[in-house]
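Below you'll find the structure, written out as structure tokens, and then a few comments.
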Amino acid sequence: MDASLDSLRHDGFVIVPDAVPQELLASLDLEINAALARAAEGRDQALLADCVFERDLPAAKRGERVVPAECGDVFILGNLAEHVPLVLQVLLLAGVQHLARTLLETDAAVPHFVNLTQKSARTGSGISWHRDYPNRYICPVEPVMIRLMLCLDGMGEDTGATQFIRGSHHSMPDGSLPDERSGAVPAVCGPGALVAIHPLVLHGGAPNASAMRRRNIVMQWGPAGAALQPGPRELITGLLPSSLETLWRKQHTERVAS
Ligand SMILES: O=C(O)CCC(=O)C(=O)O
């Protein structure tokens, strides 16, 4: 069996180091910084509609550290392919496509959504313990999905690395799920690593009190054709690689022309 599938089945998460070419990582860094700067300016209404700002989250999530009302730091930038078209190149990477298909054990995988989750330097909020399935955003009917996080800055314990309860995706004999919070494992990794998350594994993470920000591109994938619950959809929801490629060419052409 593929080693990554083996780890996912056993632990509920997998870390794949150096999964994205340096050049793409550097270009993403620039384009994402530009989108975050536009969000902080507060004039692009379409972008603002897809942002959750740090200032809107309860102080308890960041150890009561104060975020001024005028602070423009983004916690989540949703619908990312709309605002940072280069993210389509991440969805199209052979390594990302292969990992999604392998971990889903399918011949054809499609993205459901892509966002940027940022824990800002010093005041980035923590993320409560949760399982990704079910969720209230874009959710398949069955718990057959995978989240892949591309860690742009890497993750350290000091920057609020995602933590996992290893094996917590396994059902107990009575059908319930283990629920203890002890023995959390931080997914420490370098920039360019992919972290894959089983839909039922318990995970969360501490606030970021360090001087470094921590940004992850979070993608949810499922088998092509698998039914989704009613709800919102993104530009890229359900697109096979050929359609992602067409979308990339269209967006790229429009950008060059403008
Ligand atoms: O960014 C992170 O640390 C984790 C994100 C996460 O938990 C999720 O997308 O479910």
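First listed ligand is number 1; within each ligand, the first listed atom is number 1.
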Subject >> D56, CG: over 12 other non-hydrogen atoms inside 6.0 angstrom >> reply: yes

Subject >> Residues N33 and R215: side-chain donor-acceptor under 3.5 angstrom >> reply: yes

**OP:** Could you tell me whether R55 and E70 have a side-chain N and a carboxylate O separated by less than 4.0 Å?
**Re:** no

Original post:
In the protein, what heavy atom is nearest to atom 8 (C) of ligand 1, and what distance, to one decimal place, separates them?
Top reply: R147 NH1, 3.4 Å

Original post:
With a 4.0 Å heavy-atom cut-off (strictly under), which part of M155 contacts ligand 1: side chain, backbone, both or neither?
Top reply: neither

Original post:
At a 4.0 Å cut-off, with the gap strictly under it, does some heavy atom of R214 reach an atom of ligand 1?
Top reply: yes

Subject >> ligand 1 atoms in contact with N216 (distance to a heavy atom under 4.0 Å) >> reply: 1 (O), 2 (C)

Subject >> Q118 side chain to V74 backbone, donor-acceptor under 3.5 Å >> reply: yes

**OP:** Look at the aromatic rings of H130 and H203 and report parallel, tilted or perpendicular, splitting at 30° and 60°.
**Re:** tilted

**OP:** Examine F113 together with Y137 and report whether their ring centres are nearer than 6.0 Å.
**Re:** yes

Subject >> Proximal ligand 1 atoms for M149, defined as those under 4.0 Å from one of its heavy atoms >> reply: 1 (O), 2 (C), 4 (C), 5 (C)

Original post:
In terms of atom number and element, which parts of ligand 1 are under 4.0 angstrom from non-hydrogen atoms of V218?
Top reply: 9 (O)

Original post:
Which part of I127 is near ligand 1, with near meaning a heavy atom under 4.0 Å away: side chain, backbone, both or neither?
Top reply: side chain

Original post:
If you count the atoms of ligand 1 from 1 in the order shown, which ones are under 4.0 Å from a heavy atom of D132?
Top reply: 8 (C), 10 (O)

